[in-house]
J.: 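Before anything else, here's the structure in question.
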Amino acid sequence: MSTSRVPRPRTTSSTPRKPLSTPASTTSSSTTSRGTPVTRAARGGLAAPTLRTKTSASRLQPTTPRSTAKSLPSQAVENPPSPVSPRAISIKEQIALRRAEQAKKASSSKNGSHDGIEEGSVPNSPSPVEEDILGRWSIRDTIDRAKSSGSILLASRDLTRIPSYLFESHLSLTPQPLKGAPPEVVEPEAPPKQRRTGKTTWYEQVDLTAIKAWDNAIVEIQPEISLFGSLKIVDLHKNKLRRLPESFMDLVFLVNLDLSENELEELPDQLASLPNLANLNVSNNKLRTLPFEIKENLSLRTRSESFFSVTIERAKVPLPSLMLLNASHNMLTPESVHLPSLPRGLVDVDLSHNELSKASSLITAIAKLAHIRTLKLASCSLTNESFPSRLTPSRSLHHLDLGENDAMSEAAVRNALQDVEMEIGPTHTHIQGILNVTFGKPGPVLEDWEIEAERRARQRKTSATSESVFSVRSETSKVGSRRPSLQTSASAKSRSVAVSPPPPPVKEGWEIEAEQGLLTEGGRRRARAAAAAAKAVAHPVSDDHGVSQINSGVSSLSISSGSNSSSLIQFYDGPHATLTLPRSQPQPRTHNRSFSVVPSSASTNASELTVPLPTLPLPSILSQSFSSSIKILVLSSRKMETTFVLPSTGISDPVLPHLEELSLDNCNLASEVSISQESSTIPSTPKESLLHVIASLFPTLSTLDLSYNALTTLAGVGVLFTPDAEKKRKGLTTLRIRGNRLVSLEPLEEVASQWKGSGGIPGWRGEEIDLRDNEIGRLPPLLGLLPLEVLLVEGNTFRVPNRRIWEKDGSKGLLKWLADRV
């Protein structure tokens with residue numbers, strides 16, 4: 001049965017033809033874009049025509065049917081205009097915009113307005129963690145990262161206390177609430193998608209060793225801070241701390257403590273019992289006392305009642321490791337410090353801007369400390385009566401700051417320090433070897449070249465001799481012949497003025513060689529031949545082979561080897577009291593084309609002809625006018641003759657009474673050295689122990705460098721370390737024997753055994769022992785008992801202990817590891 005089709009009427013409208021609906025949708029009603037209902041006939045499934053006016057037909061828009069059928073393409077839409085690129089803004093403007101957005105969000109959340117809530121969001125959901133405007137990690141992320149790094153930085157976070165999350169995350173405990181501190185603002189936890197760090201596994205976690213929370217508003221610290229027993233650095237400066245908990249002194253491994261710029265009025269009584277504290281800064285507080293005295297009832301205790309808890313071992317002497325103390329800008333008085341309990345290892349002390357008007361005994365006690373180097377007492381209301389009338393400070397004192405003490409005169413300072421070589425001025429002059437006193441109002445900061453220029457000018461003024469002193473009478477008589485009016489006044493004054501001549505010009509090496517005629521090979525040959533002839537005349541030897549005698553002796557010959565009249569002033573550094581002799585390398589084996597009986601060397605220069613060739617030419621050094629003031633003697637790379645030339649007295653009498661440092665590195669020296677005396681005509685070479693000879697000749701030695709030689713044993717090292725009051729020996733503090741052939745350390749082990757069960761060597765405290773790059777097969781545990789600051793053992797053959805021990809904790813950890821195995 002066929003159905004008849006009803007023709008669709010044509011319309012004059014420009015509206016595009018609508019697509020036919022599917023049969024399934026013919027029974028429903030549809031709506032046009034203007035909202036006009038269109039009914040469809042159920043009969044035949046065809047839509048009934050709709051009549052429209054011409055005015056409405058022009059405004060008709062093509063509609064897209066809501067069906068799965070494909071629709072006709074719509075009219076092309078004109079391209080919108082390209083957006084204008086935004087102006088690049090600076091970082092300051094970005095920060096300002098970010099702050100404005102945060103302020104707007106804060107104000108909207110405070111007023112409870114929901115205008116900014118987007119559609120579909122939950123009004124009661126917690127606000128997300130805002131990103132820091134400086135790009136820093138959040139507080140929670142920073143604390144979580146500290147589990148693997150061992151250090152935490154919470155500076156400039158507006159904290160009122162140390163975050164409780166630190167204790168919850170690292171110690172799994174909640175600290176007790178603080179009554180005197182404002183309530184803590186808890187940072188919301190970030191969602192998992194916004195977290196910047198993941199969880200640290202248990203095997204990656206390390207102990208917390210550093211807390212830096214400066215520039216905050218911390219008023220009080222939780223007592224549970226003592227449970228971080230491995231803390232070495234605590235920096236809480238620029239806060240509002242009023243007091244410290246008593247349990248804070250349980251941090252016995254603390255090395256650096258900075259509590260400056262707070263509101264502290266007192267420190268805990270157990271501060272002096274910290275055994276490892278080396279740097280203490282309590283400046284800009286309100287302190288009235290410094291608790292350096294250890295209480296008698298102080299005993300060992302544990303952090304908990306458990307049997308397996310760690311015992312807190314405290315120091316028996318006040319702050320034995322303290323080196324740097326800064327207590328300036330406080331309310332201290334001379335009675336604030338208990339002088340018998342003053343730490344003995346202090347190096348730098350700053351007590352400026354305190355009321356120390358009667359500090360004579362305090363200044364004397366600090367200035368006589370063995371290791372003191374800097375003492376600052378600026379603006380302390382010091383007077384002539386409060387300063388000691390006679391002060392003899394320690395030789396290690398380098399800088400004494402007495403600036404801005406208007407009631408004290410410079411004459412009183414000079415009178416008190418008249419037995420000390422010093423330089424006084426408004427600024428620190430940094431001159432080595434003397435005491436630099438800063439007095440008066442601070443002047444401009446001088447650079448190094450300005451300081452050196454002033455020093456040379458003062459040296460020229462004080463070096464005037466009798467030859468440069470003349471009377472001005474002859475000059476006044478000459479001037480008087482031309483100016484009669486000045487003759488009477490000049491003749492009435494009979495005076496003499498010391499005028500120093502201009503300093504001689506500093507000559508270079510080629511100028512000195514030109515004056516001595518050593519610029520040519522022929523001139524150098526003639527000089528060596530003349531020196532050989534002079535020595536042959538001075539010490540004739542009867543032998544049929546005279547020529548061979550000359551040839552055998554010329555290899556160790558120089559002009560000054562036969563006499564001590566040669567000057568070594570060009571190798572002496574007066575401001576630093578240092579004598580550095582040039583290197584003496586063995587002559588290279590080259591073809592000799594000259595006909596002279598003296599061997600030729602192309603490298604011969606003036607210094608090789610004026611300086612003796614032996615490694616230690618003591619007679620030539622002692623003949624100099626400056627020998628008694630030498631503090632540092634450098635004899636590096638002197639390999640030509642590995643012998644020691646001694647004076648006629650031998651090793652019985654000490655020489656160079658002020659020598660503190662001796663460098664004999666890279667000289668090819670063995671454990672025993674050849675000895676020859678000045679008066680001996682036959683070059684006899686008896687063998688003596690190297691360390692024993694050095695200990696006998698230089699008792700005041702504190703630093704010895706024997707690196708890169710051929711030593712196989714340390715026999716005689718005990719004499720170097722042991723102080724001797726009769727010989728004025730203080731004991732060696734620094735020994736460098738790197739790059740030798742040492743196999744065992746038995747002599748050094750015997751020295752360390754003196755600390756086992758006893759007090760060790762009285763009055764001795766070492767600084768450094770360098771044993772690197774040797775052949776040591778075993779490291780004795782007794783070395784851990786030595787009171788050292790640095791022990792270097794890399795590059796040896798032993799396998800125990802593992803290198804990770806000193807790579808992680810340094811020399812202190814290595815010494816402790818050795819001491820635990822004694």
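Hydrogens, waters and symmetry mates are skipped; everything else that's a heavy atom, side chains included, is used.
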J.: Applying the side-chain contact (heavy atoms from CB on, under 4.5 Å) test to Leu745, which of Leu783, Asn774, Val793 qualifies?
T.: Leu783
J.: For the side chain of Asp809 and the backbone of Ser811, is there at least one donor-acceptor N/O pair under 3.5 Å apart?
T.: no
J.: Please determine, by modelled atom types, if Thr642 and Thr615 share a side-chain donor-acceptor pair under 3.5 angstrom.
T.: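 There is no such pair between these side chains.
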J.: If you count the non-hydrogen atoms of other residues, nucleotides and ligands that lie under 6.0 Å from NZ in Lys730, is the total more than 12?
T.: no
J.: If you take all heavy atoms of Glu768 and Leu788, which pair is closest and at what distance?
T.: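 Taking Glu768 first and Leu788 second, the nearest heavy atoms are N-CD2, 4.4 Å.
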J.: Under 6.0 Å from the CD atom of Glu807, do we count more than 12 heavy atoms belonging to anything else shown?
T.: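 Yes, the 6.0 Å shell around CD holds more than 12 heavy atoms from other groups.
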J.: Looking at Thr580 and Val634, would you say the former's side chain and the latter's main chain have a donor-acceptor pair under 3.5 Å?
T.: no
J.: If you apply the rule side-chain contact (heavy atoms from CB on, under 4.5 Å), what do you find for Thr209 with Phe253, and how did you get there?
T.: CA-CA 9 Å; Thr209 59; Phe253 291 102; over 6 Å; no
J.: Would you say the side chain of Pro699 lies within less than 4.5 Å of the side chain of Asp724, judging by non-hydrogen atoms?
T.: no
J.: Given side-chain contact (heavy atoms from CB on, under 4.5 Å), test His658 with Ile632 step by step and report yes or no.
T.: CA-CA 9 Å; His658 296 94; Ile632 302 175; over 6 Å; no
J.: To check you understand the geometry: which heavy-atom pair defines the closest contact between Ile233 and Leu254, and what is its length?
T.: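 Looking at all heavy atoms of both residues, the shortest contact is N-CD1, 4.1 Å.
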J.: Kindly give the heavy-atom pair with the smallest separation between Phe698 and Leu659, and that separation in Å.
T.: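 Between these two residues, the closest heavy atoms are CD2-CD2, 3.5 Å.
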J.: Please determine, by modelled atom types, if Ser707 and Asp705 share a side-chain donor-acceptor pair under 3.5 angstrom.
T.: yes
J.: Might you point out which heavy atoms bring His576 and Asp573 nearest each other, and give the distance in Å?
T.: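 So the two residues come closest at ND1-OD2, 2.8 Å.
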J.: Any ion pair linking Glu660 and Arg395 (charged N to carboxylate O, less than 4.0 Å)?
T.: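 Looking at Arg395 and Glu660, the cut-off is met.
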J.: Taking the side chain as everything from C-beta on, heavy atoms only, tell me whether Val645 gets closer than 4.5 Å to Gln677.
T.: no
J.: Do the charged groups of Asp773 and Arg738 touch, with an N to O distance under 4.0 Å?
T.: yes
J.: Does one side chain, of Ser674 or Lys687, offer a donor that lies under 3.5 Å from an acceptor on the other?
T.: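 Their side chains do contain a donor-acceptor pair, which is all the 3.5 Å distance test asks for.
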J.: Which residue in the set Asn740, Thr712, Asn709 passes side-chain hydrogen bond (donor to acceptor under 3.5 Å, both in side chains) when paired with Ser671?
T.: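 Considering Asn740, Thr712, Asn709, a side-chain hydrogen bond (donor to acceptor under 3.5 Å, both in side chains) with Ser671 is found only for Thr712.
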J.: Under the side-chain contact (heavy atoms from CB on, under 4.5 Å) rule, what do Ile675 and Leu646 come out as? Steps first, then yes or no, please.
T.: CA-CA 7 Å; Ile675 302 296; Leu646 307 181; 3.5 Å; yes
J.: What do the steps show when you test Leu325 against Leu346 for side-chain contact (heavy atoms from CB on, under 4.5 Å), and what is the final call?
T.: CA-CA 7 Å; Leu325 173 63; Leu346 286 173; 4.0 Å; yes
J.: Evaluate whether atom CE of Met422 has more than 12 neighbouring non-hydrogen atoms of other residues, nucleotides or ligands under 6.0 angstrom away.
T.: yes
J.: Using 4.0 Å as the upper bound for N to carboxylate O, is an ion pair formed by Lys631 and Glu661?
T.: no
J.: Counting heavy atoms not belonging to His692, are there more than 12 under 6.0 Å from its NE2?
T.: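 Incorrect, the count does not exceed 12.
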J.: Looking at Arg821, I want to see if its CZ is surrounded by more than 12 non-hydrogen atoms of other residues, nucleotides or ligands under 6.0 Å.
T.: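 Atom CZ in Arg821 is crowded, with more than 12 foreign heavy atoms closer than 6.0 Å.
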J.: Taking all heavy atoms of Ser394 and all of Ala370, pick out the closest pair and write down the distance.
T.: OG-O, 3.6 Å
J.: Leu782 versus Glu749: any side-chain heavy-atom pair under 4.5 Å?
T.: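 Heavy-atom side-chain distance check passes, below 4.5 Å.
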J.: Side chains of Thr734 and Ser702: closer than 4.5 Å at any heavy-atom pair?
T.: no
J.: Atom CD1 in Ile769, atom CD1 in Ile737: separation rounded to 0.5 Å?
T.: 7.5 Å
J.: Does Leu616 reach the side chain of Leu635, with side-chain heavy atoms less than 4.5 Å apart?
T.: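 Heavy-atom side-chain distance check passes, below 4.5 Å.
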J.: Side chains of Asn666 and Ser636: do they bring a donor and an acceptor to under 3.5 Å?
T.: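 No, Ser636 and Asn666 have no side-chain donor paired with an acceptor closer than 3.5 Å.
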J.: With Leu701, which of Leu633, Ile694, Leu656 fulfils side-chain contact (heavy atoms from CB on, under 4.5 Å)?
T.: Ile694
J.: Going by distance alone, is a donor N or O of one side chain under 3.5 Å from an acceptor N or O of the other, for Ser629 and Tyr572?
T.: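 Yes, because at least one side-chain N or O of Ser629 sits under 3.5 Å from a partner of the opposite role on Tyr572.
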J.: Taking atom CD1 of Ile621 and atom CG of Leu581, what is their separation to the nearest 0.5 Å?
T.: 5.0 Å
J.: Within the 4.5 Å heavy-atom criterion, are Val255 and Asn279 side-chain neighbours or not?
T.: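 No, their side chains stay 4.5 Å or more apart.
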J.: In Å and rounded to the nearest 0.5 Å, what is the CZ to OG1 distance from Arg638 to Thr643?
T.: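 Going from the CZ atom of Arg638 to the OG1 atom of Thr643 covers 9.5 Å.
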J.: Quick one, Leu662 and Thr703 - any side-chain contact, counting heavy atoms below 4.5 Å?
T.: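 Leu662 vs Thr703: side chains apart.
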J.: Relative to each other, are the rings of Phe798 and Trp806 parallel, tilted or perpendicular (30° and 60° limits)?
T.: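 Rings of Phe798 and Trp806: perpendicular, over 60°.
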J.: Kindly compute the distance separating NE2 (His371) from OG (Ser396), expressed to the nearest 0.5 Å.
T.: 8.0 Å
J.: Between Leu618 and Phe644, is any pair of side-chain heavy atoms under 4.5 Å apart?
T.: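 Not in contact.
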J.: Give the minimum heavy-atom separation between Leu319 and Leu274, together with the two atoms involved.
T.: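 Looking at all heavy atoms of both residues, the shortest contact is CD2-O, 3.7 Å.
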